[in-house]
Protein chains: 2
Amino acid sequence: MGPRKFFHPDAAELTLHRILFALSDPTRLAVVSELMDSAEHSSGDLLAETVPRSTMTHHLKILREAGVTRTRPEGMRCLISLRRDDVDARFPGLLDAIMAHGRSG
Amino acid sequence: MGPRKFFHPDAAELTLHRILFALSDPTRLAVVSELMDSAEHSSGDLLAETVPRSTMTHHLKILREAGVTRTRPEGMRCLISLRRDDVDARFPGLLDAIMAHGRSG
DNA sequence: AATAATGTACGGTGTTCGTCGTACATCGTA
DNA sequence: TACGATGTACGACGAACACCGTACATTATT
């Protein structure tokens, strides 16, 4: 059950309230804040020493199933990136408006 | 216990994740959508025949305690309005970016 | 094949949420 | 004062969430 299959919703299926819920948690907000550099980060890279692994898996699943992030297996790691293209296409300006204040949240 | 005291957080105490959580529910998103006309609406006015009163009270409390709305007793009603000034001051552009798509939720 | 590294799956616990019915308080009016 | 209208408070219920430990799967390396 390692890095194999990951469910990702289609771009057209993204809903506003699901995305807002995914971003309504301080931990997940911090994760997305780290992903704003448009680079791929491994799961352990994100808040590594702050949160237990199983907890991080939980949060990453919520972000992924809301369509906010994309998870890609790479070797024995998982690389996570923002779905800026899809989120921006469906909700223009939303991500920027939220993440402009991601740290003070 | 009628229209008497209502807790409203100070403008400086608004947090991003609380606001996002308040807006992460379809019903509350619809309420805020109706409030976007910058007018005051009574509680019964909002989604009147869609949601039971006690349910509406619950949702309005969450919006109010997150600092998204302001509730003011007026006679035997409660008039609810958006706290655009405070929310915009603390998180510029956030409300507009979210509510631009409030209906396609 | 054995090992270590990475991350998931599963299960458990305690908390919070969404929903609603019922009872009650407040206000305006007759 | 009695009544109807408006909205809250409280309690209850099921569902979902946050958190984490443990066990397991996958990968790369030795």
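The sequence lines fix the lettering, A, B, ..., with proteins before strands; numbering per chain opens at 1. For the numbers below, each heavy atom of this structure counts, side chains included, while hydrogens, waters and symmetry mates do not. It should be emphasised that the depicted structure is a prediction, and the values quoted were computed from it without experimental measurement.
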**Student:** Is Met99(B) linked to Leu16(B) within one hydrophobic cluster, defined over Ile, Leu, Val, Met, Phe, Trp and Tyr using a side-chain heavy-atom separation of less than 4.5 Å?
**Tutor:**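 Yes.
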
**Student:** Measure from the side-chain heavy atoms of Thr27(B) and tell me the nearest of dT8(D), dG7(C), dT19(C).
**Tutor:**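 In terms of side-chain proximity for Thr27(B), the closest of dT8(D), dG7(C), dT19(C) is dT19(C).
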
**Student:** What pairs with His59(A) under side chain to side chain contact (heavy atoms under 4.5 Å, CB included), at least two apart in sequence or on another chain?
**Tutor:** Asp25(A), Thr27(A), Arg28(A), Thr55(A)

**Student:** In plain terms, say whether Arg90(B) and Asp85(B) are close enough for a salt bridge, that is, a side-chain N and a carboxylate O under 4.0 Å apart.
**Tutor:** no

**Student:** Give, ordered by number, those residues of residues 49-69 of chain B having at least one heavy-atom distance below 4.0 Å to an atom of DNA chain D; if nothing qualifies, reply none.
**Tutor:** Arg53(B), Ser54(B), Thr57(B)

**Student:** How many whole angstroms separate atom CG of Leu23(A) from atom P of dC17(D)?
**Tutor:**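 Between P of dC17(D) and CG of Leu23(A): 15 Å.
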
**Student:** To the nearest Å, how far apart are Asp25(A) CG and dT15(C) C1'?
**Tutor:**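 Distance, rounded to whole Å: 14 Å.
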
**Student:** Please set out all donor-acceptor pairs under 3.5 angstrom arising from side-chain atoms of residues 66-73 of chain B, sequence neighbours excluded.
**Tutor:**
unit_1	atom_1	unit_2	atom_2	d
Thr69(B)	OG1	Arg64(B)	N	3.3
Arg70(B)	NH2	Asp86(B)	OD2	3.4
Arg72(B)	NE	Glu40(B)	OE2	3.0
Arg72(B)	NH1	Glu74(B)	OE1	3.0
Arg72(B)	NH2	Glu40(B)	OE1	2.8
Arg72(B)	NH2	Glu40(B)	OE2	3.1

**Student:** Nearest whole angstrom, please: distance from the C1' of dG18(C) to the CG of Leu47(B).
**Tutor:**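 My rounded result for the distance is 15 Å.
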
**Student:** Provide, to the nearest angstrom, the distance between the NE2 atom belonging to His17(B) and the P atom belonging to dA18(D).
**Tutor:**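 Interatomic distance, NE2 of His17(B) to P of dA18(D): 11 Å.
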
**Student:** Could you state the CZ-C1' distance from Arg72(A) to dT27(D), rounded to the nearest angstrom?
**Tutor:**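 The answer, rounded to whole Å, is 15 Å.
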
**Student:** It should be established whether Arg28(B) places a side-chain nitrogen or oxygen under 4.0 Å from OP1 or OP2 of nucleotide dG18(C).
**Tutor:** yes

**Student:** Which part of the nucleic acid, if any, lies within contact of Ser42(B), taking any heavy atom under 4.0 Å across all strands shown: a base, the sugar-phosphate backbone alone, or nothing?
**Tutor:** sugar-phosphate

**Student:** Which whole-number value in Å describes the distance from Met76(A) CE to dT30(D) P?
**Tutor:**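 Value for this atom pair: 11 Å.
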
**Student:** Tell me: CZ of Phe21(A) to P of dC17(C), nearest whole Å?
**Tutor:**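 About 10 Å, once rounded to whole Å.
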
**Student:** Partners of Asp37(A) by side chain to side chain donor-acceptor pair (under 3.5 Å), sequence neighbours excluded?
**Tutor:**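 Residues passing side chain to side chain donor-acceptor pair (under 3.5 Å) with Asp37(A): His41(A).
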
**Student:** Can you name the side chain to side chain contact (heavy atoms under 4.5 Å, CB included) partners of Ser42(A), sequence neighbours left out?
**Tutor:**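 Residues passing side chain to side chain contact (heavy atoms under 4.5 Å, CB included) with Ser42(A): Asp45(A), Arg77(A), Leu79(A).
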
**Student:** Measure CG/Leu79(A) against C1'/dG7(C) and give the value in whole Å, please.
**Tutor:**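 So the two atoms are 12 Å apart, to the nearest Å.
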
**Student:** Could you list the residues that satisfy side chain to side chain contact (heavy atoms under 4.5 Å, CB included) with Pro9(A), not counting sequence neighbours?
**Tutor:**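 Partners of Pro9(A) under the side chain to side chain contact (heavy atoms under 4.5 Å, CB included) test: Phe7(A), Glu13(A), Leu14(A), Arg83(A).
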
